[in-house]
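Lettering follows sequence order; numbering is per chain, from 1.
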Amino acid sequence: MRPSVRSIALIDCNNFYVSCERVFRLDLNNQPVIVLSNNDGCVVSRSNEVKALGIKMGVPLFKIRDQVQQHNVQVFSSNYVLYADMSNRVMAILREYAPLQEVYSIDESFLDMTGIHDIGQRAQAMRERVLRETGIPVCVGIGSSKTLAKLANFVAKRHPKSQGVFNFNMLTTRQAESVFSNVPVEEVWGIGRQLTKALDAIGIQTVQQLRTADIASLRKRFGVAMEKTVRELRGEACIELEEATPAKQQIINSRSFGQSVTEIEDLQDALAHFVSNAAHKLRAQQSCAALLQVFIMTDRFRDDQSQYCPSVAVPLPVPTASSTTLQGYAVSALAAMFRPGYRYKKAGVILSEICPETLHQGDMFAGAPEDPALMLALDQINARFGKGTLKLSQDGSRRSWQMRQERKSPEYTTNWHELPFCR
DNA sequence: TCTCCGATTAGAC
DNA sequence: CTAACGGTCTAATCGGAGA
C-alpha cells in the first residue's frame with residue numbers, strides 16, 4: 001500500500017519578540033515597535049508598521065535614529081527571559097495538537113499532522129487558542145515536507161486572505177505551480193544570499209524554476225543540501241522531524257561589551273562569567289568538554305584603532321564540566337595572550353570535544369579531584385532561587401564590561417519584583 | 001590514493 | 001554629550017598532512 005501523503009505543519013509566531021512586548025503593553029498595538037539585539041545593537045524584530053517604513057532586519061540602531069524619532073518608533077532591548085517563557089507557553093499548547101512535535105526555534109514548531117481529520121479547521125482552532133491563552137498571533141503552513149511547510153507558512157503570512165493558514169496539500173497541481181511561480185527562490189528554507197546569487201546566474205529565480213531544474217547537475221554544482229531542498233520542494237520528505245534535541249557538540253558563550261575595556265581584570269571577570277554560563281549548559285546536558293578555547297578581541301568596526309584578536313586553545317587533561325576547573329584554565333589562557341595597550345570590545349569561551357559525563361566517571365587515576373557535588377549544589381540553588389544567586393568568586397565583581405540594555409521591559413511572567421505594581 | 005584534520009563557508013534564527 | 005554594528009549552532013566542503 002502506498003503511504004498516504006504527509007501533512008507537516010510549521011507554526012511560526014508573528015514578529016515574535018515584538019508580539020511578546022505587546023502582550024503586556026496593549027498601547028503598543030498598531031504602533032511601530034522594534035526589539036534590538038544584545039548590546040542594543042541591531043534590529044532583530046519589527047512590527048508590521050516598522051516593516052512598512054522600510055526599516056530592514058539587522059540594521060544597527062544608530063543608522064535609523066532619524067526614522068525612529070520621526071515616526072515615534074517604540075524601541076526595546078531584548079528581554080530573553082520573557083521571550084523564553086512566552087515561547088514555552090506557546091509550544092506547550094501546540095504540543096496538544098499532534099502526536100509529534102519538533103520545537104525548531106524560540107518561535108517555530110513543526111507538528112506532524114498526518115492523518116488528522118480536517119486539518120484546516122484544526123489549524124484555525126490552534127491559532128485561536130494560542131492567541132486567546134498567550135496573546136501571541138501565529139501562522140500555520142502545511143505541506144508534505146518540512147521545506148514545503150515553511151514555504152506554506154511564508155504564503156500564509158504574506159496573504160491576509162489565507163486567514164493565517166495555508167496548506168499545499170489542498171491545492172491542485174496547477175494551483176501549487178502557480179504559487180511556486182510567484183515566490184522567489186530566496187524564500188526557500190536553505191537558500192540564503194549566496195545561493196540566491198549563484199542560482200540567479202544560471203537563470204533560476206522562482207521556486208518553480210528550482211523545483212523543475214535537473215537534480216543531478218544541481219547536486220554536482222551545489223552539493224547534497226541542495227538536492228534535498230529540491231526533493232523536498234517536489235513533495236518528497238527528506239528531512240525528518242526531530243523530537244529530542246541532540247546534545248550540543250560545541251557550546252559558545254561570548255558577548256560584546258557595553259564599553260571597551262583595557263584592564264586584564266575586566267577581561268578576567270567577563271571570562272569567568274562566560275565560563276560559568278558555558279559550564280552550566282554543559283552540565284545541563286550531562287556532558288563534559290575536553291577542549292576549552294578562550295578569545296578576546298578589539299572592536300573590528302573601529303579602523304582607527306589597532307586590532308588584536310588572539311585566542312588560546314586549552315586541551316583539558318581530563319574532560320570536565322566544573323566551573324572552577326574551567327575558570328582556572330581560562331585565567332591562565334588569558335594571562336598568556338593578554339597584551340596591554342588595546343581597547344578590547346568582545347571576549348568569549350568555546351567548549352568543544354564534548355562527551356557524555358558518564359564516559360569519564362570513575363577515572364580514579366585522573367589528576368586533582370573535582371567537585372561534582374559543589375557544581376550540583378550551585379546549579380540547584382540557582383535553579384531554585386534564580387540565576388546569579390550563587391556565584392564563584394571570580395565571576396562578575398566588575399561590571400565595566402556589561403552589555404548595554406537600556407530599554408528592557410520587565411520580566412512580566414517570571415519575576416515579581418519587576419512587575420510595575422509590585423515596585 | 002585514501003583518510004583524517006582544521007579552517008572556511010553557508011545558512012538558520 | 002558622544003559614539004554607536006548580535007550570538008550560537010550545524011553541516012558541508014576544501015586543502016594539506018600523513019599513512
>> Between C:dG6 and B:dG11, how far apart are the two C1' atoms, rounded to whole Å?
In response: 16 Å

>> Nearest 0.5 angstrom please: A:Ile136 CD1 to A:Tyr83 OH, how far?
In response: 10.5 Å

>> For a quick test of reading the model: is some side-chain N or O of A:Lys346 closer than 4.0 Å to OP1 or OP2 of C:dG7?
In response: yes

> So what does A:Arg193 touch, heavy atoms closer than 4.0 Å: a base, only the sugar-phosphate, or nothing?
Replying inline: sugar-phosphate

> Whole Å only: how far is the CZ atom of A:Arg343 from the P atom of C:dA3?
Replying inline: 12 Å

>> Over all strands shown, is A:Ile106 touching base, sugar-phosphate only, or nothing at heavy-atom distances under 4.0 angstrom?
In response: nothing

> Touch check for A:Ile191, heavy atoms < 4.0 angstrom, all strands: base, sugar-phosphate only, or nothing?
Replying inline: sugar-phosphate

>> Check this one for me: any side-chain N or O of A:Gln249 less than 4.0 Å away from OP1 or OP2 of C:dA11?
In response: yes

> What's the CG-C1' distance between A:Leu195 and C:dA12, to the nearest Å?
Replying inline: 12 Å

> Is the distance from OP1 or OP2 of C:dT8 to the nearest side-chain N or O of A:Arg255 less than 4.0 Å?
Replying inline: yes

> Is there a Watson-Crick or G-U wobble partner for C:dA3 with both distances under 3.5 Å, and which nucleotide is it?
Replying inline: none

> Rounded to whole angstrom units, what separation is found between the CD1 atom of A:Ile350 and the P atom of C:dC9?
Replying inline: 10 Å

> Is the shortest distance from a Lys or Arg side-chain nitrogen in A:Glu227 or A:Lys220 to a carboxylate oxygen in the other one below 4.0 Å?
Replying inline: no

>> In whole Å, I'd like the distance from the CD atom of A:Gln285 to the C1' atom of C:dC9.
In response: 12 Å

>> If I take atom CG in residue A:Asn39 and atom P in nucleotide C:dT8, what distance separates them, rounded to the nearest angstrom?
In response: 12 Å

>> Atom CD of residue position A:Gln259 - does it have more than 12 heavy atoms of other residues, nucleotides or ligands inside 6.0 Å?
In response: no

> To the side chain of A:Asp299, which of C:dG6, C:dC5, C:dA3 is closest?
Replying inline: C:dC5

>> For a quick check of understanding: with a heavy-atom distance under 4.0 Å over all strands, which category does A:Val224 fall into, base, sugar-phosphate or nothing?
In response: sugar-phosphate

> Of the nucleotides B:dA12, C:dT8, C:dG6, which has the atom closest to the A:Trp189 side chain?
Replying inline: B:dA12

>> What contact category does A:Ile251 fall into here, base, sugar-phosphate, or nothing, at under 4.0 angstrom with non-hydrogen atoms?
In response: sugar-phosphate

> DNA chain C: A:Cys42 or A:Pro246, which has the more 5' nearest nucleotide?
Replying inline: A:Cys42

>> So does A:Glu242 get a backbone contact from the side chain of A:Glu102, meaning a donor-acceptor N/O pair under 3.5 Å?
In response: yes

>> Just the rounded figure in Å: distance from C1' of B:dG11 to NZ of A:Lys228.
In response: 14 Å

> If we call it a pair only when both distances are under 3.5 Å in a Watson-Crick or G-U wobble match, what pairs with C:dA11?
Replying inline: B:dT9

> Between B:dA12, B:dA10, C:dG7, which nucleotide gets closest to the side-chain atoms of A:Asn38?
Replying inline: C:dG7

> With a non-hydrogen cut-off below 4.0 angstrom, is A:Gln250 in contact with a base, only sugar-phosphate, or nothing?
Replying inline: base

>> Using a 4.0 Å heavy-atom cut-off, does A:Lys345 contact any base of the nucleic acid, only the sugar-phosphate backbone, or nothing at all?
In response: sugar-phosphate

> Base, sugar-phosphate, or nothing for A:Val188, non-hydrogen atoms under 4.0 angstrom?
Replying inline: sugar-phosphate

> Do we get A:Lys146 above A:Phe110's six-membered ring, with its NZ or CZ under 6.0 Å from the centre and within 45° of the axis?
Replying inline: yes

>> Mind checking if A:Lys63 touches a base, just sugar-phosphate, or nothing, with heavy atoms under 4.0 Å?
In response: base

> Which whole-number value in Å describes the distance from A:Leu36 CG to C:dG7 C1'?
Replying inline: 15 Å

>> Taking 5.5 Å and 30° as the limits, would you call A:Phe62 and the base of C:dC5 a stacked pair?
In response: no

> How do A:Arg219 and A:Gln305 order along DNA chain C: which one's closest nucleotide is nearer the 5' end?
Replying inline: A:Gln305

>> Once you apply a heavy-atom cut-off of 4.0 Å, does A:Asp40 come out as touching a base, just sugar-phosphate, or nothing?
In response: nothing

> Is there a side-chain polar atom (N or O) of A:Ser256 under 4.0 Å from OP1 or OP2 of C:dG7?
Replying inline: yes

>> With a 4.5 Å cut-off on side-chain heavy atoms, are A:Phe16 and A:Ser45 touching?
In response: no

> Nearest-Å distance, CZ (A:Arg221) to C1' (C:dC14)?
Replying inline: 15 Å

>> Working to the nearest 0.5 angstrom, can you tell me the gap between A:Gln250 CD and A:Lys248 NZ?
In response: 10.5 Å

